[in-house]
There are 2 protein chains.
Amino acid sequence: MPDFLFDKKLYYNPVEFAMDRIGGTWKMPILWRLKDRVMRYGELKKDIPHITHKMLTSQLRELEAEGFIDRKVYPVVPPKVEYSITERGLSAIPIIETIRNYGLQLMEEFNVNENH
Amino acid sequence: MPDFLFDKKLYYNPVEFAMDRIGGTWKMPILWRLKDRVMRYGELKKDIPHITHKMLTSQLRELEAEGFIDRKVYPVVPPKVEYSITERGLSAIPIIETIRNYGLQLMEEFNVNENH
DNA sequence: CTGGATCCGATTTGATACTG
DNA sequence: CAGTATCAAATCGGATCCAG
């Protein structure tokens, strides 16, 4: 597998390409929440623990720019913006589930419990 | 899914936990190469394009510390060190394949070809 | 041959202030 | 309510040097 360029960045393999699209700390949590319903900005902000305003905004912009989510602005005051998942975003859901299940398996192996 | 601590770091979900173990730019390429044979440090270095000495060393250390690979040192001069995959490392291979296939699918959708 | 340590620039992220 | 801009802190990664 040779290197390839996308959006001015050099990639070394398909795994790296995929993780650049839907990886990082926040993109999967966002897609996961949008998988079966439309959500407003404020809802996402409340629903995703620890995410900062800046990170939520930037990650939503990237997901939108690459076609994983749609953004619908209602011209009202105060502003209302709804985010929804696209076909492309939906196709990522099974991958997220696979990684999530693997993570749960690893957590057992490492004796990680959710009570600290 | 509540937060949990592991190795002094706070995690928000199982996906994040999994990707901290086998994610990043280099861990999957390393595991992938070790999946069906033992390799020496220099072999890995030659075989993984672009990886630097520092990154290869640090990623091998982390994978070893968390039980994904074994490190065998031969007491000879000059030094000879062999890296091999463990059971835990092998269990990551199907996940890597899944992500890889998804990456290839995305690359088609984005019209990424490997000739730049 | 393998690998540790250090320096330093680049990138990422959090906090904060401001806007329509 | 949703979003942008700015600055500072933290993290990451590359280059380089030294060592057994």
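So that the names make sense, note that chain A is the first sequence line, chain B the second, and so on, each numbered from 1.
Taking only side-chain nitrogens and oxygens, A:Y41 never comes nearer than 4.0 Å to OP1 or OP2 of D:dT4. In this structure, A:R71 reaches the D:dG3 phosphate: one of its side-chain N or O atoms is under 4.0 Å from OP1 or OP2. Contact annotation: A:R40 side-chain N/O to D:dC1 OP1/OP2 distance is not under 4.0 Å.
Rounded to whole Å, atom P of C:dT2 lies 18 Å from atom CD of B:Q59. Rounded to whole angstrom, the span from the CG atom of A:L56 across to the P atom of D:dG3 amounts to 8 Å. Atom NZ in A:K80 sits about 9 Å away from atom P in D:dA2, given to the nearest Å. A straight line from CG of B:L60 to C1' of C:dG4 spans 14 Å, rounded to a whole angstrom. Between A:E62 atom CD and C:dT13 atom P the separation is 9 Å, expressed in whole Å.
Counted by atom type alone, A:D20 and A:Y11 present one or more donor-acceptor pairs between their side chains at under 3.5 Å.
At least one test fails for A:R100 against the ring of A:Y102: distance under 6.0 Å to the centre or angle within 45° of the axis.
Within 6.0 Å of NZ in B:K46 there are 12 or fewer heavy atoms belonging to other residues, nucleotides or ligands.
Between B:G42 and B:K54, the residue whose closest nucleotide on DNA chain C is further toward the 5' end is B:G42.
In this structure a side-chain-to-backbone donor-acceptor pair under 3.5 Å is missing from B:R88 to A:L106.
Closest to the side chain of B:M55, out of D:dG3, D:dG14, C:dG3, is D:dG14.
For A:H53 against D:dG3, a side-chain-to-base donor-acceptor contact under 3.5 Å is present.
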